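Encoded as structure tokens, the structure appears first; notes follow it.
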Amino acid sequence: MKAAILVFPGINRERDMARALKLISGHEPAMVWHADTSLPDGTDLVVVPGGFSYGDYLRCGAIAARAPIMDAVRDYAAKGGLVLGVCNGFQILCESGLLPGVLMRNARLKFICHDVHLRVERSDTPFTRGYNAGQVIRVPVAHGEGNYEADEETLKRLEGEGRVLYRYCSPEGVVDEAANINGAAHSIAGIVNATGNVLGMMPHPENHVEDIMGCTDGRGLFAGLVAHLDRAAA
Amino acid sequence: MKARVTVTLKSGILDPQGKAIEGALKSLGVDGVSSVRQGKVFDIELAGADPAQAEAALKQAADKLLANTVIENYRVELL
């Protein structure tokens, strides 16, 4: 899997992402500067990492979403290329129009930085095939604006089309208000676009991929992507 | 030419920042505040002198960047 990680000023999770991708796919990902206008040939996955692009000025992800490289990402996604946005990356994908909705300030106004549990809603997608449907995984979050909101019609479409892939839940897998850390509509932690090739999620699977991190639940996402691409190539 | 673009949250969108400010005003003893919604103001200087052109440029600026029209409304004023 040849991955390309986008680098914007103020992004700070690109090294974690590169390490996780190298570890699981065996390939060193390319780092692609925001002012570039094209992605490396043969890119299998574009990753928009977490951080605080442009200091979260204006709105989280708003300025990064208008960077030159994003036109190339839009073309790539329109052709079916896989795109993964994590945390600030999710915010950037929403601001760029690649995903619907918006990430608002956390309902209780606090910056949340701890492990959370996610329920994997289905396993038949490139972004979840490393897991079983209904499986609960533990991954960290670190965000102040992760409260996913969209209009009723959009939420209905996301649910109807099975596009919510990850939801905040209790350790036992119960999705309720108590486990909904940031007040997100329908406890949404991660969604895909209509064609299923662009995922945005607030939690950081790349930070739970090695034993030294205390948990390896995040590996499944990347291992699933590798398996998906291997099968597509075969 | 000077202009001002005001961006406000659409009604029905939860505004936790506004709520926090509202709470702070109440705890300061400022009477009669029933609700606060926080928005943004952009003061912009334009090079040209044609109002129609300026308005079009400001509208473009607001649609493309200054406002996220999923959750925000905006108003353009030439000053």
Side-chain angles (χ1 to χ4, degrees), chain A residues 53-68 70-71 74 88 90-112 143-155 157-158 177 180-186 188 191 193 200, chain B residues 2-30 33-47 53-77 79:
Chain A
S53 57
Y54 299 91
D56 279 348
Y57 291 174
L58 188 62
R59 296 177 306 276
C60 298
I63 298 178
R66 278 87 179 164
M70 291 307 292
D71 285 333
R74 261 185 285 269
N88 194 204
F90 187 8
Q91 296 162 342
I92 292 168
L93 293 178
C94 284
E95 278 283 346
S96 72
L98 281 164
L99 290 173
V102 62
L103 282 312
M104 305 272 295
R105 183 62 58 99
N106 293 343
R108 287 180 283 277
L109 289 170
K110 286 210 171 86
F111 188 94
I112 304 169
H143 62 250
E145 278 99 351
N147 174 358
Y148 183 82
E149 298 297 337
D151 59 61
E152 272 311 311
E153 196 187 319
T154 303
L155 289 170
R157 201 168 336 121
L158 288 173
E177 273 313 297
N180 188 6
I181 52 161
N182 52 27
H186 300 205
I188 286 171
I191 55 161
N193 64 341
Chain B
K2 289 186 178 181
R4 175 168 286 180
V5 177
T6 309
V7 176
T8 50
L9 276 177
K10 286 183 177 171
S11 60
I13 301 285
L14 181 74
D15 178 16
Q17 291 178 100
K19 279 269 170 240
I21 295 163
E22 183 186 315
L25 287 174
K26 280 176 183 159
S27 73
L28 278 169
V30 179
V33 175
S34 56
S35 132
V36 177
R37 309 272 292 162
Q38 185 179 321
K40 297 188 187 90
V41 169
F42 302 89
D43 285 331
I44 298 173
E45 287 207 36
L46 295 139
Q53 230 168 38
E55 209 146 326
L58 290 164
K59 201 171 166 322
Q60 199 183 14
D63 279 325
K64 281 191 165 176
L65 181 64
L66 302 182
N68 180 336
T69 52
V70 176
I71 49 163
E72 292 168 327
N73 292 320
Y74 65 83
R75 192 175 70 235
V76 170
E77 294 166 272
L79 304 174

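These numbers were taken from a predicted model, which means no experiment stands behind them. Only this structure's heavy atoms are used, side chains among them; waters, hydrogens and symmetry mates stay out.
- Taking a 6.0 Å sphere around NZ of B:K2, one finds it holds 12 or fewer heavy atoms contributed by other residues, nucleotides or ligands.
- Residues forming a side chain to side chain donor-acceptor pair (under 3.5 Å) with A:E149 (at least two apart in sequence, or on another chain): none.
- Residues A:A107 and B:P16 approach most closely at O-CB, 4.0 Å, considering heavy atoms.
- Interface remark: A:D151 contributes no atoms to any contact with chain B (heavy atom separation under 4.5 Å).
- Shortest non-hydrogen contact noted between B:L14 and A:M104 is O-CE, 3.3 Å.
- At most 12 heavy atoms of other shown residues, nucleotides or ligands fall within 6.0 angstrom of atom OH in A:Y57.
- Residue contact with chain B, scored on non-hydrogen atoms closer than 4.5 Å, involves the side chain of A:L109 exclusively.
- Residues of residues 60-67 of chain B lying within less than 4.5 angstrom of chain A, judged on heavy atoms, are B:K64, B:L65, B:L66, B:A67 in numerical order.
- In this structure, the portions of A:R105 lying under 4.5 Å from any heavy atom of chain B include both its backbone and its side chain.
- Around atom NZ of A:K110, no more than 12 heavy atoms belonging to other residues, nucleotides or ligands sit under 6.0 Å away.
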